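Written out below as C-alpha coordinates is the structure these notes cover.
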Number of protein chains: 2
Amino acid sequence: MPSEKRLYRSVLIKLEKLIEEGEYPPGGRLPPERELAERFSVSRPTVREAIIALEALDRVEVKTGSGVYVLDTPKRVNGVDASISAFELTEARALIEGEAAALAATMISDEQLAALEAIMHEMVDESEDGELLSEQADQKFHQMISEATGNSMMIAVFNSLWHIRDNSPAVHAAYQAICGMEPQSRVDEHVEILDALKQRDPKAAREAMHNHFARILNKLIAANEQAHIDEIRRKTRESRERFSLNHLSAGA
Amino acid sequence: MPSEKRLYRSVLIKLEKLIEEGEYPPGGRLPPERELAERFSVSRPTVREAIIALEALDRVEVKTGSGVYVLDTPKRVNGVDASISAFELTEARALIEGEAAALAATMISDEQLAALEAIMHEMVDESEDGELLSEQADQKFHQMISEATGNSMMIAVFNSLWHIRDNSPAVHAAYQAICGMEPQSRVDEHVEILDALKQRDPKAAREAMHNHFARILNKLIAANEQAHIDEIRRKTRESRERFSLNHLSAGA
DNA sequence: AATCGGATACTGGTCAAACCTTTTTATATG
DNA sequence: CATATAAAAAGGTTTGACCAGTATCCGATT
(Lines give C-alpha, C1' and ligand atoms only; values in the text may rest on other atoms or scores of the structure.)
Protein backbone atom coordinates (compact mmCIF):
# COMPACT_ATOMS: atom_id res chain seq x y z
CA MET A 1 0.00 0.00 0.00
CA PRO A 2 1.24 3.49 -0.79
CA SER A 3 -0.13 4.78 2.49
CA GLU A 4 3.23 5.27 4.12
CA LYS A 5 3.62 5.58 7.82
CA ARG A 6 5.16 8.99 7.73
CA LEU A 7 2.64 11.69 6.96
CA TYR A 8 4.91 13.66 4.67
CA ARG A 9 5.06 10.60 2.45
CA SER A 10 1.37 10.68 1.73
CA VAL A 11 1.55 14.41 1.02
CA LEU A 12 4.50 13.75 -1.28
CA ILE A 13 2.51 11.14 -3.18
CA LYS A 14 -0.51 13.40 -3.49
CA LEU A 15 1.59 16.26 -4.79
CA GLU A 16 3.33 14.01 -7.29
CA LYS A 17 -0.04 12.82 -8.49
CA LEU A 18 -1.38 16.34 -8.87
CA ILE A 19 1.71 17.33 -10.82
CA GLU A 20 1.41 14.23 -12.98
CA GLU A 21 -2.23 14.98 -13.69
CA GLY A 22 -1.39 18.46 -14.85
CA GLU A 23 -3.04 20.19 -11.91
CA TYR A 24 0.27 21.96 -11.38
CA PRO A 25 1.92 22.10 -14.80
CA PRO A 26 5.69 22.41 -15.31
CA GLY A 27 6.88 25.97 -14.93
CA GLY A 28 3.86 26.71 -12.79
CA ARG A 29 3.81 27.39 -9.12
CA LEU A 30 2.51 25.22 -6.31
CA PRO A 31 0.02 26.81 -3.92
CA PRO A 32 1.55 28.39 -0.81
CA GLU A 33 2.69 26.02 1.88
CA ARG A 34 0.03 27.30 4.26
CA GLU A 35 -2.68 26.64 1.72
CA LEU A 36 -1.43 23.12 1.00
CA ALA A 37 -1.29 22.45 4.72
CA GLU A 38 -4.94 23.38 5.03
CA ARG A 39 -5.92 21.49 1.90
CA PHE A 40 -4.30 18.25 3.07
CA SER A 41 -5.22 18.82 6.71
CA VAL A 42 -1.63 18.61 7.88
CA SER A 43 0.71 21.08 9.47
CA ARG A 44 3.00 23.35 7.55
CA PRO A 45 6.20 21.55 8.59
CA THR A 46 4.79 18.36 7.13
CA VAL A 47 4.10 20.12 3.82
CA ARG A 48 7.63 21.49 3.91
CA GLU A 49 9.03 17.99 4.34
CA ALA A 50 7.12 16.78 1.32
CA ILE A 51 8.33 19.75 -0.72
CA ILE A 52 11.92 19.15 0.34
CA ALA A 53 11.61 15.52 -0.74
CA LEU A 54 10.25 16.71 -4.10
CA GLU A 55 13.18 19.08 -4.33
CA ALA A 56 15.66 16.29 -3.64
CA LEU A 57 14.01 14.30 -6.41
CA ASP A 58 14.45 17.20 -8.85
CA ARG A 59 10.73 17.61 -9.28
CA VAL A 60 10.42 21.17 -8.04
CA GLU A 61 12.56 24.21 -7.42
CA VAL A 62 12.07 26.31 -4.31
CA LYS A 63 12.56 30.05 -4.63
CA THR A 64 12.72 31.84 -1.35
CA GLY A 65 10.03 34.44 -0.96
CA SER A 66 8.56 33.60 -4.34
CA GLY A 67 7.17 30.09 -4.37
CA VAL A 68 7.69 26.45 -5.27
CA TYR A 69 7.98 25.92 -9.01
CA VAL A 70 7.36 22.69 -10.87
CA LEU A 71 10.31 21.71 -13.06
CA ASP A 72 9.71 20.74 -16.65
CA THR A 73 9.86 17.05 -17.59
CA PRO A 74 12.23 16.03 -14.86
CA LYS A 75 11.13 12.55 -15.74
CA ARG A 76 14.26 10.78 -14.74
CA VAL A 77 14.61 7.39 -13.25
CA ASN A 78 17.97 6.65 -11.71
CA GLY A 79 19.35 9.65 -13.51
CA VAL A 80 18.25 8.16 -16.76
CA ASP A 81 15.64 9.58 -19.05
CA ALA A 82 12.41 7.77 -18.32
CA SER A 83 11.14 8.43 -21.82
CA ILE A 84 12.69 5.12 -22.75
CA SER A 85 10.24 2.75 -24.36
CA ALA A 86 9.71 -0.85 -23.41
CA PHE A 87 11.15 -1.83 -26.79
CA GLU A 88 14.37 0.03 -26.24
CA LEU A 89 14.75 -1.32 -22.73
CA THR A 90 14.12 -4.87 -23.85
CA GLU A 91 16.55 -4.61 -26.74
CA ALA A 92 19.20 -3.25 -24.40
CA ARG A 93 18.49 -5.98 -21.91
CA ALA A 94 18.78 -8.63 -24.62
CA LEU A 95 22.21 -7.38 -25.63
CA ILE A 96 23.56 -6.68 -22.16
CA GLU A 97 22.09 -9.64 -20.34
CA GLY A 98 23.07 -11.84 -23.26
CA GLU A 99 26.68 -10.90 -22.72
CA ALA A 100 26.25 -11.22 -18.98
CA ALA A 101 25.00 -14.76 -19.45
CA ALA A 102 27.93 -15.61 -21.68
CA LEU A 103 30.38 -14.24 -19.16
CA ALA A 104 28.56 -15.90 -16.30
CA ALA A 105 28.80 -19.24 -18.07
CA THR A 106 32.58 -19.11 -17.73
CA MET A 107 32.58 -17.81 -14.18
CA ILE A 108 29.61 -19.29 -12.37
CA SER A 109 30.24 -21.37 -9.25
CA ASP A 110 28.50 -24.59 -8.30
CA GLU A 111 26.78 -22.80 -5.42
CA GLN A 112 25.38 -20.20 -7.76
CA LEU A 113 24.17 -22.90 -10.11
CA ALA A 114 22.40 -24.57 -7.21
CA ALA A 115 20.83 -21.25 -6.22
CA LEU A 116 19.60 -20.77 -9.78
CA GLU A 117 18.10 -24.22 -9.73
CA ALA A 118 16.24 -23.38 -6.51
CA ILE A 119 14.89 -20.18 -8.02
CA MET A 120 13.85 -22.19 -11.05
CA HIS A 121 11.71 -24.41 -8.83
CA GLU A 122 10.14 -21.37 -7.20
CA MET A 123 9.24 -20.10 -10.61
CA VAL A 124 7.60 -23.37 -11.61
CA ASP A 125 5.74 -23.84 -8.33
CA GLU A 126 4.38 -20.35 -8.28
CA SER A 127 3.52 -19.97 -11.91
CA GLU A 128 -0.01 -20.98 -11.00
CA ASP A 129 -0.17 -18.58 -8.07
CA GLY A 130 -0.29 -14.84 -8.29
CA GLU A 131 2.09 -13.25 -10.72
CA LEU A 132 3.78 -11.37 -7.91
CA LEU A 133 5.85 -14.26 -6.64
CA SER A 134 6.65 -15.42 -10.13
CA GLU A 135 7.82 -11.92 -10.93
CA GLN A 136 10.13 -11.93 -7.94
CA ALA A 137 11.55 -15.29 -8.92
CA ASP A 138 12.17 -13.92 -12.40
CA GLN A 139 14.08 -10.99 -11.01
CA LYS A 140 16.12 -13.19 -8.70
CA PHE A 141 16.97 -15.47 -11.62
CA HIS A 142 18.27 -12.66 -13.80
CA GLN A 143 19.98 -10.95 -10.90
CA MET A 144 21.77 -14.12 -9.92
CA ILE A 145 23.14 -14.43 -13.43
CA SER A 146 24.40 -10.86 -13.40
CA GLU A 147 26.07 -11.56 -10.08
CA ALA A 148 27.63 -14.71 -11.47
CA THR A 149 29.63 -12.57 -13.88
CA GLY A 150 31.71 -11.49 -10.91
CA ASN A 151 31.80 -8.02 -12.42
CA SER A 152 30.30 -5.32 -10.20
CA MET A 153 29.91 -2.98 -13.13
CA MET A 154 27.75 -5.50 -14.95
CA ILE A 155 25.76 -6.01 -11.76
CA ALA A 156 25.29 -2.27 -11.38
CA VAL A 157 24.15 -1.92 -14.97
CA PHE A 158 21.74 -4.80 -14.55
CA ASN A 159 20.26 -3.25 -11.43
CA SER A 160 19.88 0.03 -13.23
CA LEU A 161 18.02 -1.64 -16.09
CA TRP A 162 15.72 -3.50 -13.74
CA HIS A 163 15.07 -0.35 -11.78
CA ILE A 164 13.87 1.35 -14.92
CA ARG A 165 11.76 -1.66 -15.76
CA ASP A 166 9.97 -1.27 -12.45
CA ASN A 167 9.83 2.49 -12.14
CA SER A 168 9.32 3.93 -15.58
CA PRO A 169 5.52 4.16 -15.87
CA ALA A 170 5.45 3.49 -19.61
CA VAL A 171 7.75 0.48 -19.41
CA HIS A 172 6.08 -0.97 -16.37
CA ALA A 173 2.67 -0.72 -17.98
CA ALA A 174 3.91 -2.45 -21.12
CA TYR A 175 5.43 -5.29 -19.13
CA GLN A 176 2.32 -5.67 -17.02
CA ALA A 177 0.25 -6.00 -20.16
CA ILE A 178 2.15 -9.09 -21.25
CA CYS A 179 3.19 -10.55 -17.92
CA GLY A 180 0.61 -13.33 -17.82
CA MET A 181 1.00 -14.61 -21.34
CA GLU A 182 2.31 -18.10 -22.04
CA PRO A 183 3.72 -18.96 -18.61
CA GLN A 184 5.00 -22.30 -19.85
CA SER A 185 7.22 -20.95 -22.60
CA ARG A 186 8.72 -18.52 -20.16
CA VAL A 187 9.65 -21.36 -17.86
CA ASP A 188 11.05 -23.30 -20.79
CA GLU A 189 13.27 -20.42 -21.78
CA HIS A 190 14.65 -20.07 -18.30
CA VAL A 191 15.36 -23.78 -18.21
CA GLU A 192 17.25 -23.43 -21.46
CA ILE A 193 19.35 -20.61 -20.02
CA LEU A 194 20.06 -22.61 -16.89
CA ASP A 195 21.11 -25.66 -18.91
CA ALA A 196 23.57 -23.61 -20.90
CA LEU A 197 25.05 -22.23 -17.71
CA LYS A 198 25.29 -25.72 -16.24
CA GLN A 199 27.32 -26.79 -19.21
CA ARG A 200 29.32 -23.59 -18.89
CA ASP A 201 28.73 -22.91 -22.56
CA PRO A 202 28.98 -19.15 -23.24
CA LYS A 203 27.59 -19.27 -26.75
CA ALA A 204 24.59 -21.35 -25.75
CA ALA A 205 23.93 -19.12 -22.74
CA ARG A 206 24.00 -16.01 -24.87
CA GLU A 207 21.72 -17.58 -27.43
CA ALA A 208 19.25 -18.81 -24.82
CA MET A 209 19.10 -15.36 -23.27
CA HIS A 210 18.58 -13.81 -26.68
CA ASN A 211 15.73 -16.25 -27.36
CA HIS A 212 14.16 -15.29 -24.07
CA PHE A 213 14.18 -11.61 -24.88
CA ALA A 214 13.19 -12.16 -28.48
CA ARG A 215 9.96 -13.70 -27.27
CA ILE A 216 9.33 -10.83 -24.86
CA LEU A 217 9.97 -8.40 -27.68
CA ASN A 218 7.50 -10.23 -29.89
CA LYS A 219 4.86 -10.13 -27.22
CA LEU A 220 5.49 -6.44 -26.68
CA ILE A 221 5.07 -5.82 -30.38
CA ALA A 222 1.89 -7.87 -30.51
CA ALA A 223 0.47 -6.12 -27.43
CA ASN A 224 1.41 -2.79 -28.89
CA GLU A 225 -0.34 -3.60 -32.15
CA GLN A 226 -3.43 -4.66 -30.27
CA ALA A 227 -3.35 -1.45 -28.23
CA HIS A 228 -3.15 0.58 -31.42
CA ILE A 229 -6.07 -1.31 -32.92
CA ASP A 230 -8.14 -0.72 -29.81
CA GLU A 231 -7.25 2.94 -29.93
CA ILE A 232 -8.32 3.23 -33.56
CA ARG A 233 -11.60 1.48 -32.81
CA ARG A 234 -12.23 3.81 -29.91
CA LYS A 235 -11.57 6.87 -32.01
CA THR A 236 -13.75 5.49 -34.77
CA ARG A 237 -16.57 4.99 -32.35
CA GLU A 238 -16.13 8.51 -31.01
CA SER A 239 -16.14 9.89 -34.51
CA ARG A 240 -19.25 7.95 -35.35
CA GLU A 241 -21.00 9.41 -32.37
CA ARG A 242 -19.67 12.88 -33.01
CA PHE A 243 -20.52 12.95 -36.67
CA SER A 244 -23.64 10.89 -36.59
CA LEU A 245 -26.76 12.73 -37.68
CA ASN A 246 -28.66 11.42 -34.70
CA HIS A 247 -28.51 14.52 -32.62
CA LEU A 248 -29.29 16.65 -35.63
CA SER A 249 -32.35 14.68 -36.62
CA ALA A 250 -33.32 14.58 -32.99
CA GLY A 251 -33.19 18.36 -32.90
CA ALA A 252 -35.31 18.71 -36.04
CA MET B 1 30.06 28.20 -2.55
CA PRO B 2 28.74 25.43 -0.36
CA SER B 3 27.05 27.97 1.86
CA GLU B 4 23.54 27.27 0.65
CA LYS B 5 20.78 29.69 1.30
CA ARG B 6 18.51 27.26 3.01
CA LEU B 7 19.80 26.11 6.34
CA TYR B 8 18.81 22.49 5.90
CA ARG B 9 21.12 22.40 2.88
CA SER B 10 24.19 23.14 4.93
CA VAL B 11 23.15 20.51 7.46
CA LEU B 12 22.64 18.06 4.61
CA ILE B 13 26.13 18.74 3.29
CA LYS B 14 27.68 18.36 6.71
CA LEU B 15 25.91 15.07 7.30
CA GLU B 16 26.95 13.75 3.89
CA LYS B 17 30.52 14.69 4.67
CA LEU B 18 30.45 12.98 8.04
CA ILE B 19 29.02 9.85 6.45
CA GLU B 20 31.62 9.98 3.69
CA GLU B 21 34.41 10.33 6.22
CA GLY B 22 33.26 7.27 8.10
CA GLU B 23 32.08 9.17 11.15
CA TYR B 24 28.74 7.45 10.67
CA PRO B 25 29.55 4.15 8.93
CA PRO B 26 27.02 2.23 6.81
CA GLY B 27 24.66 0.18 8.93
CA GLY B 28 25.30 2.49 11.83
CA ARG B 29 22.93 4.96 13.33
CA LEU B 30 22.96 8.72 13.18
CA PRO B 31 22.79 10.55 16.50
CA PRO B 32 19.28 11.50 17.61
CA GLU B 33 17.68 14.45 15.84
CA ARG B 34 17.75 16.51 19.01
CA GLU B 35 21.46 15.91 19.44
CA LEU B 36 22.23 16.81 15.84
CA ALA B 37 20.17 19.95 16.23
CA GLU B 38 22.28 20.99 19.16
CA ARG B 39 25.53 19.97 17.49
CA PHE B 40 24.81 22.04 14.36
CA SER B 41 23.13 24.83 16.29
CA VAL B 42 19.89 24.57 14.37
CA SER B 43 16.39 23.60 15.29
CA ARG B 44 15.07 20.08 15.16
CA PRO B 45 12.76 20.66 12.17
CA THR B 46 15.78 21.83 10.19
CA VAL B 47 17.62 18.63 11.04
CA ARG B 48 14.53 16.68 10.02
CA GLU B 49 14.52 18.43 6.65
CA ALA B 50 18.12 17.45 6.06
CA ILE B 51 17.40 13.86 7.04
CA ILE B 52 14.39 13.72 4.73
CA ALA B 53 16.56 14.98 1.90
CA LEU B 54 19.11 12.25 2.71
CA GLU B 55 16.28 9.75 2.72
CA ALA B 56 15.09 10.92 -0.70
CA LEU B 57 18.65 10.46 -1.95
CA ASP B 58 18.74 6.88 -0.65
CA ARG B 59 21.53 7.63 1.74
CA VAL B 60 19.74 6.77 4.97
CA GLU B 61 16.75 4.82 6.17
CA VAL B 62 14.50 6.22 8.87
CA LYS B 63 13.02 3.77 11.34
CA THR B 64 10.33 5.26 13.51
CA GLY B 65 11.12 5.09 17.18
CA SER B 66 14.48 3.51 16.53
CA GLY B 67 16.73 5.87 14.66
CA VAL B 68 18.18 6.97 11.34
CA TYR B 69 20.37 4.32 9.77
CA VAL B 70 23.07 4.91 7.21
CA LEU B 71 22.63 2.75 4.13
CA ASP B 72 25.59 0.88 2.70
CA THR B 73 27.34 2.11 -0.41
CA PRO B 74 24.60 3.33 -2.68
CA LYS B 75 24.30 0.97 -5.60
CA ARG B 76 23.34 3.79 -7.91
CA VAL B 77 25.32 3.67 -11.12
CA ASN B 78 25.35 7.42 -11.25
CA GLY B 79 27.08 9.21 -8.47
CA VAL B 80 30.12 7.02 -9.00
CA ASP B 81 30.50 3.83 -7.10
CA ALA B 82 34.15 3.86 -6.15
CA SER B 83 34.14 0.12 -5.51
CA ILE B 84 34.28 -0.58 -9.23
CA SER B 85 37.74 -1.28 -10.56
CA ALA B 86 39.15 -0.21 -13.89
CA PHE B 87 39.23 -3.88 -14.90
CA GLU B 88 35.56 -4.39 -14.23
CA LEU B 89 34.59 -1.20 -15.97
CA THR B 90 36.67 -2.05 -19.03
CA GLU B 91 35.31 -5.57 -19.23
CA ALA B 92 31.77 -4.23 -19.01
CA ARG B 93 32.53 -1.62 -21.65
CA ALA B 94 33.97 -4.28 -23.95
CA LEU B 95 30.82 -6.36 -23.72
CA ILE B 96 28.31 -3.51 -23.85
CA GLU B 97 30.04 -1.32 -26.38
CA GLY B 98 30.79 -4.38 -28.46
CA GLU B 99 27.07 -5.06 -28.73
CA ALA B 100 26.41 -1.38 -29.29
CA ALA B 101 28.84 -1.39 -32.21
CA ALA B 102 27.20 -4.46 -33.69
CA LEU B 103 23.76 -2.89 -33.40
CA ALA B 104 25.06 0.42 -34.71
CA ALA B 105 26.49 -1.32 -37.76
CA THR B 106 22.97 -2.24 -38.84
CA MET B 107 21.41 1.12 -37.97
CA ILE B 108 24.00 3.81 -38.65
CA SER B 109 23.17 6.58 -41.12
CA ASP B 110 25.48 8.06 -43.73
CA GLU B 111 25.54 11.33 -41.80
CA GLN B 112 26.67 9.55 -38.68
CA LEU B 113 29.37 7.73 -40.61
CA ALA B 114 30.59 11.06 -41.95
CA ALA B 115 30.60 12.49 -38.42
CA LEU B 116 32.64 9.52 -37.22
CA GLU B 117 35.10 10.08 -40.03
CA ALA B 118 35.49 13.71 -38.98
CA ILE B 119 36.12 12.71 -35.39
CA MET B 120 38.65 10.18 -36.64
CA HIS B 121 40.59 12.99 -38.33
CA GLU B 122 40.50 15.02 -35.13
CA MET B 123 41.95 12.08 -33.31
CA VAL B 124 44.81 11.69 -35.78
CA ASP B 125 45.59 15.41 -35.97
CA GLU B 126 45.64 15.88 -32.26
CA SER B 127 47.42 12.72 -31.28
CA GLU B 128 50.64 14.78 -31.26
CA ASP B 129 49.08 17.56 -29.21
CA GLY B 130 48.07 17.33 -25.61
CA GLU B 131 46.16 14.27 -24.62
CA LEU B 132 43.16 16.36 -23.61
CA LEU B 133 41.85 16.93 -27.12
CA SER B 134 42.58 13.38 -28.12
CA GLU B 135 40.63 12.21 -25.09
CA GLN B 136 37.65 14.30 -26.12
CA ALA B 137 37.77 12.93 -29.64
CA ASP B 138 37.84 9.43 -28.19
CA GLN B 139 34.76 10.10 -26.15
CA LYS B 140 32.94 11.64 -29.10
CA PHE B 141 33.82 8.59 -31.20
CA HIS B 142 32.40 6.11 -28.73
CA GLN B 143 29.43 8.28 -27.94
CA MET B 144 28.55 8.65 -31.59
CA ILE B 145 28.52 4.88 -31.95
CA SER B 146 26.22 4.47 -28.98
CA GLU B 147 23.92 7.09 -30.50
CA ALA B 148 23.99 5.27 -33.82
CA THR B 149 22.25 2.34 -32.15
CA GLY B 150 19.11 4.44 -32.11
CA ASN B 151 18.38 2.97 -28.69
CA SER B 152 18.13 5.57 -25.92
CA MET B 153 18.64 2.91 -23.27
CA MET B 154 21.98 1.91 -24.79
CA ILE B 155 22.91 5.59 -24.98
CA ALA B 156 21.99 6.09 -21.35
CA VAL B 157 24.02 3.06 -20.28
CA PHE B 158 26.99 4.27 -22.31
CA ASN B 159 26.82 7.71 -20.72
CA SER B 160 26.63 6.10 -17.33
CA LEU B 161 29.74 4.02 -18.02
CA TRP B 162 31.68 6.98 -19.30
CA HIS B 163 30.62 9.04 -16.34
CA ILE B 164 32.13 6.46 -14.03
CA ARG B 165 35.26 6.33 -16.12
CA ASP B 166 35.70 10.06 -15.57
CA ASN B 167 34.53 10.39 -12.00
CA SER B 168 35.58 7.31 -10.10
CA PRO B 169 38.97 8.22 -8.67
CA ALA B 170 40.38 4.71 -8.91
CA VAL B 171 39.23 4.17 -12.47
CA HIS B 172 40.29 7.59 -13.66
CA ALA B 173 43.75 7.17 -12.19
CA ALA B 174 44.19 3.80 -13.88
CA TYR B 175 43.13 5.19 -17.25
CA GLN B 176 45.39 8.22 -16.85
CA ALA B 177 48.32 5.89 -16.21
CA ILE B 178 47.97 4.26 -19.61
CA CYS B 179 46.50 7.08 -21.69
CA GLY B 180 49.67 8.03 -23.47
CA MET B 181 50.83 4.57 -24.44
CA GLU B 182 51.05 3.52 -28.07
CA PRO B 183 49.01 6.29 -29.65
CA GLN B 184 49.31 4.74 -33.09
CA SER B 185 47.74 1.42 -32.21
CA ARG B 186 44.83 3.22 -30.64
CA VAL B 187 44.21 5.12 -33.84
CA ASP B 188 44.49 1.90 -35.82
CA GLU B 189 41.88 0.22 -33.67
CA HIS B 190 39.47 3.07 -34.13
CA VAL B 191 40.01 2.94 -37.87
CA GLU B 192 39.23 -0.75 -37.78
CA ILE B 193 35.97 -0.07 -35.92
CA LEU B 194 35.02 2.65 -38.36
CA ASP B 195 35.71 0.43 -41.35
CA ALA B 196 33.45 -2.27 -39.97
CA LEU B 197 30.68 0.27 -39.45
CA LYS B 198 31.16 1.60 -42.96
CA GLN B 199 30.62 -1.89 -44.32
CA ARG B 200 27.68 -2.25 -41.96
CA ASP B 201 29.14 -5.52 -40.74
CA PRO B 202 27.89 -6.25 -37.19
CA LYS B 203 30.25 -9.12 -36.50
CA ALA B 204 33.30 -7.19 -37.64
CA ALA B 205 32.23 -4.14 -35.65
CA ARG B 206 31.81 -6.18 -32.51
CA GLU B 207 35.17 -7.86 -33.02
CA ALA B 208 36.95 -4.59 -33.70
CA MET B 209 35.47 -3.10 -30.55
CA HIS B 210 36.49 -6.15 -28.57
CA ASN B 211 40.05 -5.87 -29.91
CA HIS B 212 40.14 -2.24 -28.87
CA PHE B 213 39.14 -3.02 -25.30
CA ALA B 214 41.31 -6.11 -25.14
CA ARG B 215 44.33 -3.93 -25.73
CA ILE B 216 43.21 -1.44 -23.09
CA LEU B 217 42.72 -4.32 -20.68
CA ASN B 218 46.21 -5.64 -21.43
CA LYS B 219 47.71 -2.24 -20.79
CA LEU B 220 45.78 -1.94 -17.56
CA ILE B 221 47.09 -5.29 -16.45
CA ALA B 222 50.65 -4.38 -17.42
CA ALA B 223 50.39 -1.02 -15.66
CA ASN B 224 48.94 -2.71 -12.63
CA GLU B 225 51.78 -5.20 -12.55
CA GLN B 226 54.29 -2.39 -12.85
CA ALA B 227 52.59 -0.51 -10.05
CA HIS B 228 52.80 -3.57 -7.85
CA ILE B 229 56.47 -4.01 -8.66
CA ASP B 230 57.14 -0.38 -7.85
CA GLU B 231 55.29 -0.79 -4.60
CA ILE B 232 57.37 -3.81 -3.66
CA ARG B 233 60.58 -1.99 -4.51
CA ARG B 234 59.50 0.99 -2.44
CA LYS B 235 58.73 -1.22 0.53
CA THR B 236 62.00 -3.05 0.07
CA ARG B 237 63.89 0.22 0.09
CA GLU B 238 62.04 1.33 3.19
CA SER B 239 62.85 -1.95 4.89
CA ARG B 240 66.47 -1.66 3.93
CA GLU B 241 66.66 1.81 5.46
CA ARG B 242 64.73 0.77 8.50
CA PHE B 243 66.78 -2.30 9.20
CA SER B 244 70.11 -1.08 8.00
CA LEU B 245 72.75 -0.77 10.64
CA ASN B 246 73.73 2.69 9.41
CA HIS B 247 72.02 4.71 12.04
CA LEU B 248 73.23 2.33 14.68
CA SER B 249 76.83 2.58 13.64
CA ALA B 250 76.37 6.35 13.27
CA GLY B 251 75.21 6.53 16.83
CA ALA B 252 78.10 4.47 18.00
C1' DA C 1 19.17 -18.83 38.36
C1' DA C 2 16.79 -18.08 34.12
C1' DT C 3 12.97 -16.18 31.95
C1' DC C 4 9.13 -13.48 31.08
C1' DG C 5 6.51 -9.11 31.56
C1' DG C 6 5.78 -4.59 32.14
C1' DA C 7 7.35 0.09 33.47
C1' DT C 8 10.25 3.55 31.66
C1' DA C 9 13.28 6.17 28.96
C1' DC C 10 14.45 7.13 24.25
C1' DT C 11 13.56 8.01 19.33
C1' DG C 12 11.23 9.71 15.54
C1' DG C 13 6.36 11.96 14.10
C1' DT C 14 3.39 15.77 14.22
C1' DC C 15 1.46 19.98 15.40
C1' DA C 16 0.72 24.94 16.75
C1' DA C 17 2.00 29.58 16.88
C1' DA C 18 5.03 32.70 16.36
C1' DC C 19 8.74 35.68 14.03
C1' DC C 20 12.31 36.64 10.32
C1' DT C 21 13.95 37.40 5.50
C1' DT C 22 13.19 37.73 0.74
C1' DT C 23 10.32 38.62 -3.06
C1' DT C 24 6.47 40.57 -5.13
C1' DT C 25 2.88 43.92 -5.58
C1' DA C 26 0.55 47.92 -5.10
C1' DT C 27 0.68 52.57 -4.18
C1' DA C 28 2.19 57.06 -3.64
C1' DT C 29 5.22 60.45 -5.06
C1' DG C 30 8.50 62.98 -8.05
C1' DC D 1 5.46 57.98 -16.73
C1' DA D 2 9.04 56.36 -13.85
C1' DT D 3 10.67 55.61 -9.56
C1' DA D 4 10.77 54.98 -4.65
C1' DT D 5 8.55 53.34 -0.82
C1' DA D 6 5.45 50.65 1.87
C1' DA D 7 2.50 46.77 2.38
C1' DA D 8 1.42 42.06 1.39
C1' DA D 9 2.77 37.45 0.46
C1' DA D 10 5.81 33.74 0.25
C1' DG D 11 9.19 30.76 2.06
C1' DG D 12 12.79 30.13 6.30
C1' DT D 13 13.41 29.11 11.03
C1' DT D 14 12.59 28.52 15.80
C1' DT D 15 10.41 27.03 20.13
C1' DG D 16 7.96 23.96 22.79
C1' DA D 17 4.90 20.71 23.39
C1' DC D 18 2.74 16.22 22.88
C1' DC D 19 2.03 11.66 20.45
C1' DA D 20 3.43 7.00 19.00
C1' DG D 21 6.42 3.41 18.21
C1' DT D 22 10.88 1.02 20.05
C1' DA D 23 14.41 -0.43 23.00
C1' DT D 24 15.98 -1.20 27.54
C1' DC D 25 16.15 -2.51 32.13
C1' DC D 26 14.56 -4.32 36.28
C1' DG D 27 11.64 -6.83 39.08
C1' DA D 28 8.33 -10.70 39.56
C1' DT D 29 7.52 -15.27 38.45
C1' DT D 30 8.75 -19.89 37.52
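Naming: A, B, ... by sequence-line order, numbering from 1 per chain. What you see is a predicted model, and the numbers here were worked out from it, not measured in a lab.
Residues that satisfy the salt bridge (charged side-chain N to carboxylate O under 4.0 Å, His left out) test with Glu55(A), not counting sequence neighbours, are Arg6(B). Scanning for side chain to side chain donor-acceptor pair (under 3.5 Å) contacts around Glu23(B) gives an empty result, with sequence neighbours left out. Evaluation of the side chain to side chain donor-acceptor pair (under 3.5 Å) rule for Gln143(B) yields Asn159(B) as partners, not counting sequence neighbours. Take Thr149(A) and apply the side chain to side chain donor-acceptor pair (under 3.5 Å) test, not counting sequence neighbours, and it matches no residue. Under the ring-ring contact (aromatic ring centres under 6.0 Å, His included) criterion, Tyr24(B) pairs with no residue at all, not counting sequence neighbours. Remark: Glu35(B) engages Pro31(B), Pro32(B) in a side chain to side chain contact (heavy atoms under 4.5 Å, CB included) (not counting sequence neighbours). Lys140(A) meets the side chain to side chain contact (heavy atoms under 4.5 Å, CB included) test with Ile119(A), Glu122(A); sequence neighbours excluded.
When each of Thr64(A) and Glu35(B) is assigned the nucleotide of DNA chain C with its nearest heavy atom, Glu35(B) is the one assigned upstream, toward the 5' end. When the nearest nucleotides of DNA chain D are assigned to Tyr69(B) and Ser41(B) by heavy-atom distance, the more 5′-ward of the two goes with Ser41(B). Projected onto DNA chain C by closest heavy-atom contact, Ser66(A) and Ser43(A) fall at different nucleotides, the more 5' of which corresponds to Ser43(A). When the nearest nucleotides of DNA chain D are assigned to Arg44(A) and Pro45(B) by heavy-atom distance, the more 5′-ward of the two goes with Arg44(A).
Contacts between residues 46-55 of chain A and DNA chain C, defined by a heavy-atom separation under 4.0 Å, are made by Thr46(A). Listed by residue number, there are no residues of residues 15-23 of chain B with a heavy-atom contact under 4.0 Å to DNA chain D.
In this structure, the side chains of Met107(B) and Asn151(B) stay at 4.5 Å or more apart for every pair of heavy atoms. Contact annotation: the side chain of Arg59(A) never approaches that of Leu15(A) to less than 4.5 Å [non-hydrogen atoms, C-beta and beyond].
Read 5' to 3', the first and last nucleotides of DNA chain C with an atom closer than 4.0 Å to a heavy atom of chain A are dG13(C) to dT24(C). Protein chain B contacts DNA chain D from dG12(D) to dA23(D), reading 5' to 3' and using non-hydrogen atoms of the protein with a distance under 4.0 Å.
Screening Leu54(B), Ile51(B), Leu7(B) for a side-chain contact (heavy atoms from CB on, under 4.5 Å) involving Leu12(B) leaves a single residue, Leu54(B).
Looking only at distances, no side-chain donor or acceptor of Ser168(A) sits under 3.5 Å from a matching main-chain atom of Ile164(A).
At most 12 non-hydrogen atoms from other residues, nucleotides or ligands lie less than 6.0 angstrom from CD of Glu38(A).
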With a 3.5 Å cut-off and sequence neighbours excluded, list the donor-acceptor pairs that the side chains of residues 62-70 of chain A form with protein atoms.
| residue | atom | partner | partner atom | Å |
| --- | --- | --- | --- | --- |
| Ser66(A) | OG | Tyr69(A) | OH | 2.5 |

